[in-house]
Every structure is written in structure tokens, then in C-alpha cells.
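On a predicted model such as this, the values are computed, not experimentally measured, just so you know. Numbered from 1 within each chain, the chains take letters A, B, ... in sequence-line order.
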Number of protein chains: 4
Amino acid sequence: MDKTVAFFGLGHMGAPMSFNLVKAGFRVKGFDPVADLLDHACSQGVERCVSPQEAVKDAEFVISMLPHDTAVESLYIDEERLLDEIEKTSLIIECSTISATSSKRLISAANDKGLQAIEAPVSGGVTGAAAGTLSFMCGGDDSSVKRARVILQHMGTNIFYAGTAGAGQTAKICNNMLLAVHMIGTAEALQLGVDNGLDPKVLTEIISKSSGSNWSLQNYNPYPGVMENVPASKHYAGGFMVKLMSKDLGLAQQAANASRSYTPLGSLARNLYGLHSLAGNEELDFSSIQQLFQESC
Amino acid sequence: MDKTVAFFGLGHMGAPMSFNLVKAGFRVKGFDPVADLLDHACSQGVERCVSPQEAVKDAEFVISMLPHDTAVESLYIDEERLLDEIEKTSLIIECSTISATSSKRLISAANDKGLQAIEAPVSGGVTGAAAGTLSFMCGGDDSSVKRARVILQHMGTNIFYAGTAGAGQTAKICNNMLLAVHMIGTAEALQLGVDNGLDPKVLTEIISKSSGSNWSLQNYNPYPGVMENVPASKHYAGGFMVKLMSKDLGLAQQAANASRSYTPLGSLARNLYGLHSLAGNEELDFSSIQQLFQESC
Amino acid sequence: MDKTVAFFGLGHMGAPMSFNLVKAGFRVKGFDPVADLLDHACSQGVERCVSPQEAVKDAEFVISMLPHDTAVESLYIDEERLLDEIEKTSLIIECSTISATSSKRLISAANDKGLQAIEAPVSGGVTGAAAGTLSFMCGGDDSSVKRARVILQHMGTNIFYAGTAGAGQTAKICNNMLLAVHMIGTAEALQLGVDNGLDPKVLTEIISKSSGSNWSLQNYNPYPGVMENVPASKHYAGGFMVKLMSKDLGLAQQAANASRSYTPLGSLARNLYGLHSLAGNEELDFSSIQQLFQESC
Amino acid sequence: MDKTVAFFGLGHMGAPMSFNLVKAGFRVKGFDPVADLLDHACSQGVERCVSPQEAVKDAEFVISMLPHDTAVESLYIDEERLLDEIEKTSLIIECSTISATSSKRLISAANDKGLQAIEAPVSGGVTGAAAGTLSFMCGGDDSSVKRARVILQHMGTNIFYAGTAGAGQTAKICNNMLLAVHMIGTAEALQLGVDNGLDPKVLTEIISKSSGSNWSLQNYNPYPGVMENVPASKHYAGGFMVKLMSKDLGLAQQAANASRSYTPLGSLARNLYGLHSLAGNEELDFSSIQQLFQESC
């Protein structure tokens, strides 16, 4: 079973991740309930499985990349009950962005059955997935995370150890909440400058070298024309969609609610992305929040 | 008059700025209505003047570093009417952080009298002022800003040209508004992580290498103990005081109001810093906003 | 079993509610795991039961007034499994303020076992509970709510029918979210007026007769001295505590998160009450939010 | 000159106000720089004046209803210098909604020239202006406000005395800020309810009789179909336009900035109305903020 991987979820993220494993010489046994996604993956060297149960047979690693809590819990625990099928020597690497609560439930249930399991949500988007430059924010026991490095290194460049079960998911939503906050803040600051006569390129140049500097401004500038090759200069196509950012901000607020933490800017960010989404922009890149601050034509 | 400078405002910022000019070989004629400040400056090589009018005599450069619009307008236009006394060949370099409206009024009034004038608000704080590593965000006509470089280079390392009169002030408040937003956002994200069991150092490490990264997190971390030598690890003493950040956020909102720009996070940042200030923290460093999100003892 | 009631939860709200039933001639069989609360209730005519199971025997109505989801689900479903003990002819009236999700789970589980059950969260506070003037916001099937009126009328004056299971809880949190919003808004407006020289009584008088009018301003004015006999004029003692408002705002945000609804003011209200709570005010009346906008001594 | 009135500003509000004075038997000498507005007013009994100076001759009362600070200051002080033309026995009643700063400047300048002047901004909208049921929020000296009642009573039903110069303007913006807050809060609460399955009429009914009750919910419900004869049931046509609410919220923030008052909900309300305006809704009634929380088609 050496170098055999079961891979669940072959969508925008999962597909390119699995292809990188194929290239690295792994035998990748794939499953996805959506026929088109499975077909596409199999055309790139993934081995077709007709059921989740078939996929996990002889798999050293079980990797999943799914859209939400329910999908994950359904696969492993509630419906497909995969925890009963997975080989005892396998390592489960759950890469979906889901609630820490749900992630802890999975890891705990796996451990109860004598299985190793970690969470490893990613950042880096579709581009990072294709290039094999994702960041993984891992949570679970230390030795399992160490074991996972062998395979994660073929899909990403940064493999962080955040702490015990749930810590990886928490790190991910803290990062993305902060990203949303400085993306919106950057859009506001650039618009305020432009409305007062500044050139957005000049303003970006100045702030980049000053204390207002941040990743959104410098690497993913939301003002059209300031940077080449970012979504803002391509009508906000591609990238990290508004609806995905909204989902992550919802997870952050869910966590804040449960731990009685207060995040006034993070809460407002969820609401602003939500309103932007309701206005029909959920498929645009998340830097399109710039448009919220501009007169619509 | 070569290398002679009139310097107005010898407080926390103005004093060390003037000392750097003394060290660079300038004759610095100083004035401040507060006797103690003037005494202190004169003990470091600044030449004592008994009136603003005396100070500007033979000065090639007139530099001011004052607390607000009224102080600036009073000095040059309304009370002391210094614009009538300044040598026609002088260059006025107004370094205070004031409203763009007030700054434009000064530069326009100076130009009307045949005087060269620019605005050059700074960032870098007391530390930068002492070390001569300030950033200047200049606004005014291009040639005057070029002429100013000769002297600004002895007080700072970055000399930005933002655009015509008012643009320097606007760049400054856009930067500081964005700084406030990511400082608060960073404090929220770190607290949310800690409340859910993460180590703030580990979380800082992860986000620093991810898309949530920003100047506050990386250079001025607000969580006590994460970084050495920042205010957070010195009981939030020193640094850039809450009341000064509050002032800048007020200027940003004043500008947004006038240009009908909308800055929901920037507005909320002004309010949160204001509430923090009302609670008795106005003399603390602005990274103390972390405390707003923690249970008070 | 006619006119026999099982009553669970004999705290600040439950105790006076149960006393009103005693006064109305009901046999009230009480249970609370906190001995002091049970003792106090029994001193006022409630019949002591040693277990939940004993309480429900022969009870026509089963009423519960508990602090959170877990307490309710534990009592009826997960731990005490009371649904298996309750008489088939009984009506369960669940008066706790809990999530609609949890409430639906209870009602559905009860119905599955052939039991009638409704939710009936209350508003009106401790004062209303004692005076028998509570409002009940009922959810569940129409005929069960009608049946409940017979007993609810002895504890409250308004018995609203909000809709099917969950609707009562939703109505409650919508009301309380809106209450929090206009309480904070009222505090802000009064403070803005006072800071600009107005008398808070005069301002209250004017707004009360104008379009800014609302329940907080008119019935529960948060500015000290404007009204007699409200918490603001009694150092914010008593009333509806900050921590209870915070709990309800958390439930509202949990619902908004689940239904992808956006409530920017409601979210900010949750955060402001949370920050006020962290600062040590959780036991004060919720109108004490006025203090957040005033300089602390 | 008894019962002779000079009236400046004959737009949406000023025209119907002036007509009520004509009906009450006053001689109304009107002026407006917009020819169409003046023509329309003259067709209803207002006497045409070709200049502001002509209008104030023999006028016992001078009334102005203008769009902003500049218009008011230009008329009385800076351009037309009307204060030099107005009869010494006249009473100036300035009804525009402007900043308290500007209003104080006018009243003080008038007093310096021996003239009586008050501010009397209104609430009640176009409907109230036509029906003669406006509310006036008066500021200035007490005796002048008393004298004004003689004429104000023909245009409105509530004549409030808020305090000295500026107090009327402050009361107006405090009221309107609070109105905006509970309008948005009401829209959020109704949408949250509807998204969770409630009928907006039932929810309105319940909250109206509970602690969440407020003027917006009860008199001007923003959810289409809940009330007849409100803008929400007429595609948000007519009423109090988004751009006018935005203007008032800007004045409130300007005042808060100047007095260092903090109004987190009021600030957010300004931003939300501003974003709604940018999205192309500035001519709709302000209750159309409901649409911000609904999916656009």
C-alpha cells in the first residue's frame, strides 16, 4: 500500500492537488459523486473508484477536500461511515475548510477507532493548488502531522503546525478574517485617496513603504490598473471568490460566537462581503469589494 | 541665509527633528510658545528666538511641526501673519498633520504672496524623528518638493511625492486609517485564536507567512509577549499614542465626509479608538487596542 | 391530573412565573438541580420533587425555563430523556430562550413520540415575570398554542402566535436584536446631544414626539436622571442584565449565520455589548451601554 | 410691515410652507434663483421679487429654506450680505438643515448687527410641509423663539425649543441619526425573520407590542406589503430620499467629529446609506434600505 492515496473531492482545488500527487509518483485512487469531476480527474492519471469504500482500500493516506461540515461528517461518520473501512495504518488528512467543531469531531472519532487523523486546511487558492505552492495549516497530534509532511510537500510549500485538533481550522479562519479586514480597509483607503485627487498607483507606492502596508495592498491590489496580473486588472475574474470568502467569514463568526470573542471589524467584514454577494457579485474575486465603494454606472 | 532654518514647534516630534538639522550643520532658529520646550531645544544647539517674526529672518527654510489646523493657520495667516514676514526666497515646509483643507489654504495663501510652500506630514513617530528615519509625504508643486529634499534628507529616509497641495495630507491619513484598521483586525484575529486555544506566537508566525500578513502583525505585534521591543511587551508604554491615532482617524473621517467617500471599517476604527480613549487609555500606545478584546481584571 | 404542572428551572424568571401559577390554583410540581432555588420555590407553595421524572408524573402541562440549548436538550432528550416519561396527554411548553435549531429539535422529537410541544420564549424580564405581565412568543402547531393559553394567561398578558416550531424563538431574537440596536442608538444620540450642549431631558422630549422615537428612549431611557424608576436612575442596577442581552445577540448572530442573513447593526450591537461586558459590566442593566460613550472617571 | 414675510428657497419644502402662509393671510414676498421654482410659487399667491434685497423690504419675518451651509452663509453674510438690508425689527427664521457651526455663525452675525434670529430646522417631510404639520426644532434666544410661534404655527404642529443657537440643529441631527439607526435595524430584523420563515406582518405585529418597537417599524414599515400607504408599498417612491438622509447623517458625523463624540451605529448608518446611494438608489425613499439586505434579481 506504499504511496497509495485515496482522494475525495476533485473540484477546483482537489483536482489540481491530486494531479500533483500523480506527478510525484503516487497511486491516486479518486472518488467524487459528480461524474464530470471524476471523469476529468481520471483523464489526468487519477484512478477511478466507484465508491468511497473502494477508494480507501490499501490507501496509506486518505485525503479529502470537501465543501462543508456536512459533506465531511457524512463521508467519514454519518452516511458512508468510512472510518469503519479505512485501514488501521492509514493517515487521514482532512484538507477542507470546515468548523473547528466539526474537525474535532472527526479527529476524535477517528482516534476512537484507532486511526490517525489530522486537519490540514489550505491557503493559496486555485493557483497555489495547481503550482503545488499551497500553505497547509495543520492541527492534530504532532507525530501525525510529521508523517503527513511526506505527502503534503508535493502539494504545498509551507506546512505549518498550529496545534492540536481544531487549531489548524482556527488558524485558517483567523488568517482569512484578517485578510478580509485589510482587503476592505485597503479598498476604502485607496478610494478615499482617489476621491481626494490622488493617483491610486502613487498612493499604493507610498503606503507600501509605510505602516499601512499589508498583503492585499502589495500582492493583490484591489484598485483596477494599479497592478498587472491581479483580478482587479482582469474585471475581478478568477481568484478567490466572494462566496468563498463569505463562507470563511461565517466560520470565523461561528467560532467567535462560541468562544464569546468579539471581532467588530471581522463581523462588519462578514456583513460587507455578504451585502456585496447579495448584490450579485458572489462569483467575482474577493478584491471586487472595491466596487462597493464606487458609484455604479 | 544659506543653511539657515526657522523651526516652529519643538515638542516630541519637532525637537528631535530640529536636533538632526543642528547635527547636519544647519543654523536652526527655534521658536515655541511653551518656555520649557524652547529651553530644552536651546540646550541642544537650537538658537533661541523670542518671536516667530525673529525666527524667520534670513531663513532659507521655514519648518513647522504643530498640533492642529488652528495652530498652523494662526501662525502663518490669522494671528502672527508670518506670511507677510517670511523672505521671498524662503521655502515653507509645513510638517504638521492637519486637514488637507487647511493645508491647501496655507499653500495657496503663501503662493498668493509669491512664497514657495509645501506640506510634508511625517510618519515614523518619535523613534523615527530621533533616528532621522522619518517618512515625509509631500504635497505641493513638484519643484518645491525637489528643493525641500536637501533638508528633509537629514530628518528622514523616505521622501514621497504624493501630488499637488493637500495630496500629502491625504496620503498620510489614508495610510494611518489603514494602519488602524489592520492593527484592530490583527488584535481581533490574535484574540480569536487565543480564545480558541492557539499560542499567539504560533498564530503570528503562520499568518506572517500567509495572506493575512500586515505591518501591525509583523512589526508592531499588539499581543503581549509575541515580540520583544514593541510597546505590547512594555505595558503599551511609549510609541504612537491612542490620542494621536484618534486625531488622525478624525481627520480621515472629516475628509471622507467632505468627499462623500464611505469607509465603514475606517469609521468603526475611529469609534473603537475613541471608546478605548474614553475608557482612560489615551496615553497608551495604539497597539493597546488589544486590551479592548480581553477581559479586564 | 387536571391543573397539575411540572415546572423546571426555578431561577430569577422561573420562580416568579411558578408562583403566579400557584396563586392561580395550579398544583405546581417543581424541580431544579440547585438546592437553594428549589428550597425558595417550595417556601412559596411549589411542591418539591426529587427528580425530573417525579415532576412530570400526572402533569397536564410541563413547563421549562432554562439557561441554554444544552440544558433543554439534556433534560428532554439526551440525559434525563424526559420525553420517554411525560404523559401522552401532556403539553410541553418550553419557555427558555434558546436557538431555533434546538427548539425545533425538541418539538420534533416530542412529536415523534406522540407528545404535544410548543416553544414560548418570553419578554418582560423579572419585573414582568413577578407581575404576571410577560409576553410569550409562541411557536409550534396552532392548536397546541391555543391549548397553552389556558395556563400562559396566568403568567403573561400578551400571547403571540409567531408560526411553526422555531418561529417563536426567531421572533424573540429579532425583537431583542432590534431592542439592542435602538438602545445603543438612543445612547449615542443622547450623548451626541449632551456633548453639544443639549439637556438630555429636552432632547428626549423632542425625539419622543418625532421620528426618532422608540421604546428605549420612551420607556427605558438610558441617560441618568431623564426618567425616574428606570435602571439608568438607579446606577443601572437590576433590570435586564448585559450578559443576558449578550446571550440573545449571540443567538441572533447564530441564526443570521445559518440563514446567510446580514445584520450589520445587529452584529455591531453584539460586539459593543460584548466589549462592554468584557470591561466588567456584565451584571449591570443593559441600558448601562450609555457609559461606553462617556468618559470614565 | 405687519404680516409681511420674505421667503427664500421655494423648492420641495419651501414652496408648500410658503403656500400655507399665503393661506393664513400673510403677504409672502418670495425669491429663488431658480426661475421655474419662483414661477410655480407665484402661481400660488407668492409675490415675485427680483432680488433678495427687494424681498426683505418691510418684512416682519425673514424665512429661509436652503440646501446647505454655503447657500445660507452666502445669502445672509458672504455674497448677498442680506444682514445689512434686513429691517432692524425683523425676525430671521432660518429653517434649513445645516451644521450647528454654520447656524451659530449666522445667529451671532445677525445679533452683532442688532437683528433677532433663530434656527428652526424641520421634520415631517414634503407631506408635513403640505399639510402644515411640520415639527420645528428651534434654537436661539427664548424670546425670539416665542415671537416666531405666531408664524410657525401656520406651517407646523409641534414647535420645540431645544436651547440656544445650534441646539435646534443638534436636536434635528440627533433625531435623524436615531431614525436612520432604527430604520436599518428594523430592516435587518424583518429580513432575519423572513429568512427564517416568519411572515413580516406577523413579526411586525409582535415587535410593535414588545420592546423592539420604534417609529420606523410602526409608522413607516420598510418591508413591502406590511403597511399600506407607505413608500415600501409603493416601490419606495416619494418620501424622504436616501440622499437627504445621507446628508443629515453626514452632518451628524461632522458634529460627532468636532465634539469627539463616538457613535458607532450612527457612523455605520452613514456608511450603509452611502453605499446604498452609490449603488444608484439616492432618489428612493430611505426605507428602501430594506433592499440592501435582499438578494437583487
Side-chain angles (χ1 to χ4, degrees), chain B residues 67-70 73 78 97-102 105 169 173 176-178 180-181 184-185 188 241-283 286 289 292-293, chain D residues 67-70 73 78 97-102 105 169 173 176-178 180-181 184-185 188 241-283 286 289 292-293:
Chain B
H68 44 57
D69 288 15
T70 312
E73 298 189 36
D78 298 326
T97 295
I98 56 175
S99 71
T101 309
S102 181
R105 185 183 174 217
Q169 297 294 352
I173 56 159
N176 280 20
M177 184 179 83
L178 188 44
V181 164
I184 301 175
E188 292 180 6
M241 282 186 285
V242 167
K243 68 180 173 189
L244 294 175
M245 179 51 99
S246 287
K247 174 198 157 192
D248 290 1
L249 290 169
L251 288 171
Q253 289 310 298
Q254 195 179 319
N257 231 358
S259 61
R260 297 193 193 175
S261 304
Y262 302 101
T263 62
L265 297 192
S267 298
L268 186 49
R270 174 187 175 267
N271 282 286
L272 292 172
Y273 269 108
L275 298 178
H276 189 49
S277 197
L278 286 179
N281 303 301
E282 65 175 19
E283 306 278 338
F286 83 116
I289 198 75
L292 197 64
F293 305 113
Chain D
H68 44 58
D69 287 13
T70 311
E73 298 189 36
D78 298 326
T97 295
I98 56 175
S99 71
T101 308
S102 182
R105 185 182 174 217
Q169 297 293 351
I173 56 160
N176 280 19
M177 184 179 83
L178 188 45
V181 164
I184 301 175
E188 292 180 6
M241 281 187 285
V242 167
K243 67 180 175 189
L244 294 175
M245 179 51 98
S246 288
K247 175 197 157 192
D248 289 1
L249 290 169
L251 288 171
Q253 289 309 298
Q254 195 178 317
N257 232 358
S259 60
R260 298 194 194 174
S261 304
Y262 302 102
T263 61
L265 297 193
S267 297
L268 186 48
R270 173 187 175 265
N271 282 285
L272 293 172
Y273 269 108
L275 299 177
H276 189 51
S277 197
L278 286 179
N281 305 301
E282 63 175 19
E283 307 278 338
F286 83 115
I289 199 74
L292 198 64
F293 305 113

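Taking all atoms of both residues into account, the shortest heavy-atom contact from N271(D) to T263(B) is OD1-N, 2.8 Å.
Below 4.5 Å, heavy atoms of chain B meet heavy atoms from Q253(D), Q254(D), A256(D), N257(D), R260(D), S261(D), Y262(D), all part of residues 251-262 of chain D.
In this structure, chain D has a heavy atom under 4.5 Å from the side chain of L278(B), while its backbone stays farther away.
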